[in-house]
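Some notes on the structure that comes next.
Just so you know, these numbers come straight off a predicted model, no measurement behind them. Here is the naming used below: chain letters follow the sequence lines, and residue numbers restart at 1 for every chain.
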Number of protein chains: 2
Amino acid sequence: MLHSMDLKTFEAKAGMVAGTLKAMGNGRRLMLLCKLVEHGEMTASDLAREVGLSQPACSQHLARMRDEGLVSYRRESQMLWYAIADPRVETLLALLYQLYCKD
Amino acid sequence: MLHSMDLKTFEAKAGMVAGTLKAMGNGRRLMLLCKLVEHGEMTASDLAREVGLSQPACSQHLARMRDEGLVSYRRESQMLWYAIADPRVETLLALLYQLYCKD
DNA sequence: CGCCTCCTTAAGCACTTGCTTATTTAGCAT
DNA sequence: ATGCTAAATAAGCAAGTGCTTAAGGAGGCG
């Protein structure tokens, strides 16, 4: 249980989980993740257009989420196809949808 | 479903959910929330001591989470007893524990 | 009242975030 | 090579974050 950890371990765990939440805790990034859940895989330019971001702004958000391990991509000629990399993130998004978006 | 929303509604929903994630997306605030789940109710000074924060820093984190509707408090003479205000946050924390902290 | 305790709020400051525009890299096609 | 498209990266800047110290409220007790 969480309360059986010493403070250092607790801090470390909390910091890591908070990193994930922080990476998800932005309106545009959350929209990108939702689109990826919906479509499975999308190109960077499609993602940018669908959530109303400029190409560089979108790329920076994707880079941030790559660094945090939330998304990954595969190259297909010029295009990069992005997808959610961590199943736990999909689980989280499913719960968020159920809690905040259902009905 | 999310993908049936128009962009404006999607933005608004995502922004609100992102607000909650952002409020949770900080190591110390996440620790505070965990402690509140664990103990049900705690005073501000107890919270500060348990997560290793100065008293003003802790108060500012609690204010932030109050503004976002995550926590609330009741006064008992000089002491303020804090608790988690939104059952959805407890549900989220339970999933986070299961996904990231179990074993 | 004065004084103490518990807690919040304010002010200041280094650091981070999220956009912009401009530039660069990578791949495909002339 | 040149040119074109898809995407990342860099630089710059306003706004937000998270601490610090210092100053205010709010309630109990002499």
Protein-nucleotide distance (A:M79, atom CE; D:dA6, atom P), rounded to Å: 8 Å
Closest listed nucleotide, where the reference is the side chain of A:A44 and the choices are D:dT20, D:dG18, D:dA8: D:dA8
Carboxylate-amine/guanidinium contact A:D67 A:R64, below 4.0 Å: no
Separation of atom CG in B:L80 from atom P in C:dT9, rounded to whole Å: 10 Å
Interatomic distance, A:R49 CZ vs D:dA7 P [rounded to whole Å]: 10 Å
Comparing A:Y73 and A:K22 on DNA chain D - which has the more 5′ nearest nucleotide: A:Y73
side-chain N/O B:R64 vs D:dT17 OP1/OP2, d < 4.0 Å: yes
Base D:dA6 paired with A:Q55 side chain (donor-acceptor, <3.5 Å): no
Any A:L36 side-chain heavy atom under 4.5 Å of A:L47 side chain: yes
Among D:dT20, D:dT9, C:dC28, the one nearest B:S54 by side-chain distance: D:dT20
Nearest-Å distance for atom pair CG/P, residues B:L32 and D:dG18: 12 Å
Comparing B:R75 and A:Q60 on DNA chain C - which has the more 5′ nearest nucleotide: B:R75
Distance, rounded to the nearest Å, where B:N26 contributes CG and D:dC19 contributes C1': 11 Å
Nucleotide C:dT17, atom P - distance to CG of A:L30 in whole Å: 17 Å
Candidate pair B:D86 and B:R88, rule salt bridge (Lys or Arg N to Asp or Glu O under 4.0 Å), full reasoning: CA-CA 5 Å; B:D86 188 336; B:R88 294 174 299 187; 3.1 Å; yes
Of the listed nucleotides D:dT9, C:dC7, C:dG27, the one nearest the side chain of A:P56: D:dT9
Stepwise side chain to side chain contact (heavy atoms under 4.5 Å, CB included) check, A:Y82 with A:M42: CA-CA 5 Å; A:Y82 276 88; A:M42 288 178 79; 5.7 Å; no
Short side-chain N/O contact to C:dA26 OP1/OP2 from A:S77, under 4.0 Å: no
Donor-acceptor under 3.5 Å (A:R29 side chain, A:K22 main chain): yes
Atom-pair distance (CD on B:E68; C1' on D:dG16), nearest Å: 14 Å
Minimum-distance nucleotide (side-chain atoms of A:Q78 versus C:dT5, D:dA7, C:dG27): C:dG27
Nearest-Å distance for atom pair CG/P, residues B:D46 and C:dC6: 10 Å
